[in-house]
2 protein chains.
Amino acid sequence: MVNTVFKALSDPTRRTILDLLREQDMTAGDIADHFDISKPSISQHLTLLKQADLVSSKRDGQHIVYSLNLTVFNELLKWILQFQSSKGSEPQ
Amino acid sequence: MVNTVFKALSDPTRRTILDLLREQDMTAGDIADHFDISKPSISQHLTLLKQADLVSSKRDGQHIVYSLNLTVFNELLKWILQFQSSKGSEPQ
DNA sequence: TGCTTAATTATAGATTTAGTTAATTAACTA
DNA sequence: TAGTTAATTAACTAAATCTATAATTAAGCA
């Protein structure tokens, strides 16, 4: 659902999480350490990102490892490209 | 500001407005007629879209005509393409 | 088993957002 | 000028969102 994705992307914390995962897969704890926000709050953000299919998670023993799911970005790309082909567009 | 843009895109009504403007420039009233929402509410949505630089407006006599501003979509495109080039990505 | 660490779920508070109606601004027209 | 139409701004309410703390689940280890 495109709405879930845009909602997920509308929060700066969640976009930063995606930026982090762009570099490498990370555990929930490691992600949380990058923010001045409680772990439960980060966990909630991760849940939203997962619901939007922007990330996936896998338990590794005691840890849960999150990784970027690139498929949805393709959808997003398509959505934006619709607009590029709209009018006689050649911005700047 | 990328945050303003994503916030603006996070609402379905605003995305539909963009879809409408993709076809042609429209007055505030014509836009409002496409929704079961009051005109003041649509006016607020248009203000947000304008703040995000996704649309621009121009008074034409009694009417105010809104049109798509494609420049910001390029920014958005860049943001997404960052992710495409992340890992060894070849989704599906 | 009992203790510790990692992470989530539950619950609640504060802020933000989307919508409403009422009032206001601006332009046209008889 | 008075009245009408188009759109916005103002003030308010209801719902959603973000964050926190407390409680719970799950895994590892002495």
Side-chain angles (χ1 to χ4, degrees), chain A residues 1-21 23-69 72 76, chain B residues 1-21 23-69 72 76:
Chain A
M1 188 67 87
V2 80
N3 191 48
T4 318
V5 174
F6 275 112
K7 280 261 193 263
L9 292 176
S10 71
D11 181 87
T13 301
R14 288 193 289 270
R15 287 199 306 278
T16 304
I17 292 176
L18 294 178
D19 277 333
L20 290 171
L21 294 177
E23 309 297 328
Q24 59 191 307
D25 295 354
M26 292 174 81
T27 68
D30 286 345
I31 293 170
D33 287 343
H34 280 80
F35 298 92
D36 273 346
I37 295 175
S38 70
K39 275 161 203 259
S41 180
I42 295 294
S43 188
Q44 288 288 56
H45 285 305
L46 288 169
T47 299
L48 284 184
L49 287 171
K50 218 159 59 175
Q51 279 169 1
D53 236 1
L54 285 160
V55 308
S56 56
S57 69
K58 207 184 69 180
R59 179 173 279 277
D60 175 22
Q62 214 168 350
H63 300 265
I64 292 178
V65 179
Y66 283 85
S67 45
L68 211 52
N69 187 1
V72 178
L76 208 56
Chain B
M1 188 68 88
V2 80
N3 191 49
T4 318
V5 174
F6 276 111
K7 280 261 194 265
L9 292 175
S10 70
D11 181 87
T13 301
R14 288 193 289 270
R15 287 199 306 278
T16 304
I17 291 175
L18 294 178
D19 277 333
L20 290 172
L21 293 178
E23 307 297 328
Q24 59 191 306
D25 295 354
M26 293 175 81
T27 68
D30 285 345
I31 293 170
D33 287 344
H34 280 81
F35 299 91
D36 274 345
I37 296 173
S38 69
K39 276 161 203 260
S41 181
I42 296 294
S43 188
Q44 288 288 57
H45 284 304
L46 288 170
T47 299
L48 283 184
L49 288 171
K50 218 160 57 175
Q51 278 169 3
D53 236 2
L54 285 160
V55 307
S56 56
S57 68
K58 207 183 68 179
R59 179 173 279 277
D60 176 22
Q62 214 168 350
H63 299 265
I64 292 178
V65 180
Y66 283 86
S67 45
L68 255 192
N69 188 1
V72 178
L76 209 55

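Order of the sequence lines fixes the chain letters, A, B, ..., with proteins taken first and strands second; residue numbering starts at 1 for each chain.
When all heavy atoms of Ala8(B) and Leu49(B) are compared, the closest pair comes out as CB-CD2, 4.3 Å. In terms of heavy atoms, Asp25(B) sits closest to Ser67(B) at OD1-CB, 3.0 Å. The nearest pair of heavy atoms linking Ser57(A) to Tyr66(A) is CB-CE2, 3.5 Å.
Counting 5' to 3', DNA chain C first comes under 4.0 angstrom of a heavy atom of chain A and last does so at the ends given by dT5(C) to dT9(C).
Phe35(B) comes within 4.0 angstrom of no nucleic acid atom, judged by non-hydrogen atoms across all strands.
Toward the 5′ end of DNA chain D lies the nearest nucleotide of His45(A), the other residue of the pair His45(A) and Gln62(A) mapping further downstream. Along DNA chain C, the nucleotide closest to Asp36(B) and the one closest to Asp60(B) are compared, and the more 5′ of them pairs with Asp36(B). Comparing Lys39(A) and Lys7(A) along DNA chain C, the residue whose closest nucleotide (by nearest heavy atom) sits nearer the 5' end is Lys39(A).
Contact of the Leu54(B) side chain with the Leu9(B) side chain is registered, since non-hydrogen atoms from C-beta on lie closer than 4.5 Å. Looking only at side-chain heavy atoms (C-beta outward), Ile31(A) and Ile42(A) come within less than 4.5 Å of each other. Within the 4.5 Å cutoff, the side chain of Lys7(B) has no heavy atoms near those of the Val2(B) side chain.
Atom CG in Asn3(A) sits roughly 14 Å away from atom C1' in dT17(D) (whole-Å rounding). Between the CG atom of Leu46(A) and the P atom of dT19(D) there is a distance of 12 Å, given to the nearest Å.
When Watson-Crick and G-U wobble pairs are counted only if both distances are under 3.5 Å, dT5(D) pairs with dA26(C).
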